[in-house]
Number of protein chains: 2
Amino acid sequence: MNPDEKKILEEQIKSKSLRHSQPREKILEVFVKANKHLTVQELYFLVKKKYPDTGLATVYRALKLICEAGLCREVRFEDGIARYEFVREGDHHDHLICIKCGRVEEIYDPEIERLQHKIYKKYKFIPHAHNLELYGICDKCSKKHLGGSK
Amino acid sequence: MNPDEKKILEEQIKSKSLRHSQPREKILEVFVKANKHLTVQELYFLVKKKYPDTGLATVYRALKLICEAGLCREVRFEDGIARYEFVREGDHHDHLICIKCGRVEEIYDPEIERLQHKIYKKYKFIPHAHNLELYGICDKCSKKHLGGSK
DNA sequence: CTCTATGCAAAACCTTTGCATAGAA
DNA sequence: TTCTATGCAAAGGTTTTGCATAGAG
């Protein structure tokens, strides 16, 4: 595991006069290793597998902290449940989601980003964040339907 | 009030062998008149003002029906609460949201739409729906902060 | 008369909070 | 020793569901 994330989180902790703790470190570790979108529940169960004493509330609190450190991003798809994804510095991407199997592709289109900034300018908004989700049916799932039963 | 929406809803109701009902008609009426994004709670209180006997569950159920008829769209901003917006045929737009005052601008950029379809093609997804939310600070709110206290 | 829709309350979610205690500095 | 973080349980908020009854066809 890259020590950078740990360092960034530690700095964030120091800068807010909080304390380092075992659960926080372990939650970050499992989260980084998972390397995909996780709901709090999912992360909670992953963490529990290795560290059974962990409480759900701690996962919520740690995730909030990790987000504030800029290490993760909250996204919500159609079901409205918060999902968290690990974010490396300078990284930004949007999502292409299959509504059949739930598969998520990360996408990035600089042209779209540019056009978004034009919109901010046109409406005189200071950019803060944005969210683009494309829902569709992936090739695997669409083939299943063409191929006949089941 | 344009009778078209009522007609579309009635057709949807017929096609699913459901029944016309007073509450459904009234909820649709108030929803269309409001003509903006509403949470279920907001719509519930609006409906209650005119028709005090209405129940919250009925609003949830009616809204789901109205969505299925293609007359409304569910959107979720950062707070994760479902908001519903009335959709006229062929209408599509995205949202520009002020994170300070909550003001919502409807935006539409054909260029962005075109690029989104290129992405679907590139990843071999069949398009279904998409969601673009731009968060920022509107000019009014940013001026408040520059201008000094309060 | 039959079957669906309603209203109410309870339940089922996700998420936050309060509090006594464990643990970090 | 002094605070913060934790785990647990309770509380909050949104959304769904069960059920007896009202209402539509």
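None of the values given here were measured: they were computed from a predicted structure. Proteins come first, then strands; the chains are lettered A, B, ... in the order of their sequence lines, and each starts at number 1.
- Checking A/Ala62 against B/His20, the closest nucleotide of DNA chain D that is more toward the 5' end is the one next to A/Ala62.
- D/dT16 atom P lies 13 Å from atom CD of B/Gln41, rounded to whole Å.
- What separates CG of B/Leu28 from P of C/dA5 is a distance of 16 Å, to the nearest Å.
- Between A/Glu29 and A/Lys6, none of the side-chain N atoms (NZ, or NE/NH1/NH2) sits under 4.0 Å from a carboxylate O, so this pair counts as no salt bridge.
- Separating the CD atom of B/Glu78 from the C1' atom of C/dC14 is a distance of 18 Å, rounded to the nearest angstrom.
- Applying the 4.0 Å criterion to OP1 and OP2 of C/dA5, one finds that B/Thr58 has every side-chain N and O outside that range.
- Classification of B/Lys16 and B/Glu68 as a salt-bridged pair holds, one side-chain N sitting under 4.0 Å from a carboxylate O.
- Using a cutoff of 4.0 Å between basic side-chain nitrogens and carboxylate oxygens, A/Glu133 and A/Arg76 are not scored as salt-bridged.
- The phosphate of C/dA24 (OP1 or OP2) has no side-chain N or O of A/Ser21 nearer than 4.0 angstrom.
- At a threshold of 4.0 angstrom between heavy atoms, the contacts of A/Thr39 with the nucleic acid are absent.
- The B/Arg19 side chain lies nearest to C/dT4 when the options are C/dT4, D/dT4, C/dG7.
- Between B/Lys48 and B/Leu56, every side-chain heavy-atom pair lies at or beyond the 4.5 Å cut-off.
- C/dA5 atom P lies 16 Å from atom NZ of B/Lys26, rounded to whole Å.
- The interatomic distance linking B/Ile81 (CD1) with D/dT15 (P) rounds to 7 Å, in whole Å.
- Distance, B/Lys16 NZ to C/dT4 P: 13 Å, rounded to whole Å.
- When the side-chain nitrogen and oxygen atoms of B/Tyr60 are compared with OP1 and OP2 of D/dT15, one or more of them lie within a distance under 4.0 Å.
- Protein atom CG of A/Leu56 is 18 Å distant from nucleotide atom P of D/dG12, rounded to whole Å.
- Using a 4.0 Å heavy-atom criterion, one finds that B/Arg24 contacts the sugar-phosphate atoms exclusively.
- Atom CD of A/Gln22 is separated from atom C1' of D/dG7 by 16 Å (rounded to the nearest Å).
- Note on B/Asp139 versus B/Arg103: salt bridge recorded, some NZ/NE/NH1/NH2 to OD/OE distance being below 4.0 Å.
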